[in-house]
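Comments concern the structure below.
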Amino acid sequence: MTHTQQPRIGIIGTGAIGGFYGLLLARAGFDVHFLLRSEYEAVRANGLQLNSAVHGALTLNPVQAYREVAEMPPCDWLLVGAKTTSNADLAPLIARAAAPGAKVVLLQNGLAVEDALRPLLPDSLHLLGGLCYICVHRDAPGVIEHQSLGAVNLGYHSGPASDDGARQALLEEGVGLFRAAGLDSTGMPNLDQARWQKLVWNVPYNGLSVLLDAGTTALMRNADARELIQAIMQEVVEGALACGHSLPEGFAGKLLASTDRMPDYLPSMYHDFAQRRPLELEAIYAAPLAAAAAAGKELPRIRALYQALRFIDARNQQ
Ligand SMILES: NC(=O)C1=CN([C@@H]2O[C@H](COP(=O)(O)OP(=O)(O)OC[C@H]3O[C@@H](n4cnc5c(N)ncnc54)[C@H](OP(=O)(O)O)[C@@H]3O)[C@@H](O)[C@H]2O)C=CC1
Ligand SMILES: CC(C)(CO)C(=O)C(=O)O
């Protein structure tokens, strides 16, 4: 802890998600340090700018920005805002930026992302998952557009918290950080279930936005696309059930209705494709397919979507 007893927060990967949550936490008075890569110079010069349909136009300047992790002070909470495709490369950086007993939160979509990172981190670090219900993207270096929503749900994965009470206390501390920044946040008793629940949205929309070159409004207005989205959502629900997670009754229908109310939105996978970055196919497609298959459940529509996306991703990376 810092001398003020406020936890020190490090953002590992300051893109749309890292920039949004880091900026709001800094404005709430937390000591926040941002690791950047390609946008370091721009953020050093001009700060971080948030154009938010919810919070208005906000600027953080100066920013405690770093290009080298070795220059960051040890942080009590590390919020990882990079894409899951970077996690293995980021593990040594996360360990380097961590204060003793730090809490590492993967603010990422997908399943089993913590399982893949855990063996690469010191046992002394707590590992948590953060499910971000938000529509946000980078518009220019250091400039973040926030269209809607903003909640973060946290779940404990693994680490030194050996009993339910200790895990619950950590979740409450994490939830408290986001709430202090004016955001909705809830502690989730089962991270795996929370990740499956989030996938009910990401599996259909992320991939179909790339394959069909369409945002949510066009997808929802087209009867064929809408039917396909519903069928894929149903498969995710069945996959979750096969893995022992019964999702709330009518959950997929509620997501469809809330997407109808959302402004036209291009999921983060769409932006990755457009920028020729690798797609998060392992976390969002391969991992749930593998988990369901191990539980004896095939998900044919999701598998077909995954295979088509793999083709597109490979060609896009050439
Ligand atoms: N955007 C959204 O609305 C939502 C996104 N998510 C999930 O959140 C996660 C993050 O997504 P998003 O914020 O959109 O992604 P972005 O691409 O906007 O941000 C990723 C950031 O990580 C940085 N980064 C990657 N590797 C390193 C490194 N080695 N050192 C320093 N920085 C690094 C990138 O830097 P560089 O520019 O140099 O590549 C970039 O700034 C994903 O898992 C996504 O699925 C979840 C809910 C909503
Ligand atoms: C589902 C959505 C749009 C907001 O709930 C989101 O969080 C995402 O793009 O991953």
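As the structure lists them, so they are numbered: ligands from 1, and atoms in each ligand from 1.
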Original post:
Hey, is Arg138 close enough to Glu145 for a salt bridge, meaning N to O under 4.0 Å?
Top reply: no
**OP:** Please report the C-alpha distance between Phe311 and Leu309 in whole Å, then the side-chain angles of each, then the deciding distance to 0.1 Å, and finally whether the side chain to side chain contact (heavy atoms under 4.5 Å, CB included) criterion is met.
**Re:** CA-CA 5 Å; Phe311 176 88; Leu309 287 165; over 6 Å; no
Original post:
So Asn51 and Gln49, side chain to side chain donor-acceptor pair (under 3.5 Å) or not? Walk me through it.
Top reply: CA-CA 7 Å; Asn51 300 320; Gln49 193 188 316; 3.2 Å; yes
Original post:
Under a 4.0 Å N-O cut-off, is there an ion pair linking Asp264 with Arg221?
Top reply: no
Put together the list of close N/O pairs, under 3.5 Å, between ligand 2 and the protein, could you?
| residue | atom | partner | partner atom | Å |
| --- | --- | --- | --- | --- |
| ligand 2 | 7 (O) | Cys132 | O | 2.9 |
| ligand 2 | 7 (O) | Ile134 | N | 3.3 |
| ligand 2 | 7 (O) | Ile134 | O | 3.3 |
| ligand 2 | 7 (O) | Lys198 | NZ | 3.0 |
| ligand 2 | 9 (O) | Tyr265 | OH | 2.8 |
| ligand 2 | 10 (O) | Asn109 | ND2 | 3.2 |
| ligand 2 | 10 (O) | Lys198 | NZ | 2.8 |
| ligand 2 | 10 (O) | Asn202 | ND2 | 2.8 |

Review item, side-chain donor-acceptor pairs of residues 279-294, under 3.5 Å, at least two apart:
| residue | atom | partner | partner atom | Å |
| --- | --- | --- | --- | --- |
| Glu280 | OE2 | Thr84 | N | 2.8 |
| Glu280 | OE2 | Thr84 | OG1 | 2.8 |
| Tyr285 | OH | Val203 | O | 2.6 |
| Tyr285 | OH | Gly207 | N | 2.9 |

Subject >> Electrostatic pair Asp76:Lys103 at N-O distance under 4.0 angstrom >> reply: no
Original post:
With under 30° as parallel and over 60° as perpendicular, where do the rings of Tyr21 and Phe178 fit, or are they tilted in between?
Top reply: perpendicular
Output a table of donor-acceptor pairs, distance under 3.5 Å, between side-chain atoms of residues 239-256 and any protein atom two or more places apart or on a different chain; print 'none' if there are none.
| residue | atom | partner | partner atom | Å |
| --- | --- | --- | --- | --- |
| His245 | NE2 | Asp192 | OD2 | 2.9 |

List below, pair by pair, the N or O atoms of ligand 1 and of the protein that are less than 3.5 Å apart, including the distance to 0.1 Å; reply 'none' if no pair qualifies.
| residue | atom | partner | partner atom | Å |
| --- | --- | --- | --- | --- |
| ligand 1 | 1 (N) | Val136 | O | 2.8 |
| ligand 1 | 3 (O) | Ile134 | O | 3.2 |
| ligand 1 | 3 (O) | Val136 | N | 3.0 |
| ligand 1 | 3 (O) | Val136 | O | 3.1 |
| ligand 1 | 3 (O) | Tyr265 | OH | 3.0 |
| ligand 1 | 6 (N) | Asn109 | ND2 | 3.3 |
| ligand 1 | 8 (O) | Leu107 | O | 3.2 |
| ligand 1 | 13 (O) | Ala16 | N | 3.3 |
| ligand 1 | 13 (O) | Ile17 | N | 2.8 |
| ligand 1 | 15 (O) | Lys83 | NZ | 3.0 |
| ligand 1 | 17 (O) | Lys83 | NZ | 2.9 |
| ligand 1 | 17 (O) | Arg138 | NH2 | 2.9 |
| ligand 1 | 18 (O) | Ala16 | N | 3.0 |
| ligand 1 | 18 (O) | Arg138 | NE | 3.0 |
| ligand 1 | 37 (O) | Ser38 | OG | 2.8 |
| ligand 1 | 37 (O) | Arg138 | NH1 | 2.8 |
| ligand 1 | 38 (O) | Arg37 | NE | 2.9 |
| ligand 1 | 38 (O) | Ser38 | N | 3.0 |
| ligand 1 | 38 (O) | Ser38 | OG | 2.9 |
| ligand 1 | 39 (O) | Arg37 | NH2 | 2.8 |
| ligand 1 | 41 (O) | Thr14 | O | 3.2 |
| ligand 1 | 41 (O) | Gly15 | N | 3.3 |
| ligand 1 | 43 (O) | Asn109 | N | 3.3 |
| ligand 1 | 43 (O) | Glu280 | OE1 | 3.4 |
| ligand 1 | 43 (O) | Glu280 | OE2 | 2.7 |
| ligand 1 | 45 (O) | Asn109 | ND2 | 2.9 |
| ligand 1 | 45 (O) | Glu280 | OE1 | 2.7 |

Subject >> Between Gln168 and Glu172: side-chain donor-acceptor atoms closer than 3.5 Å >> reply: yes
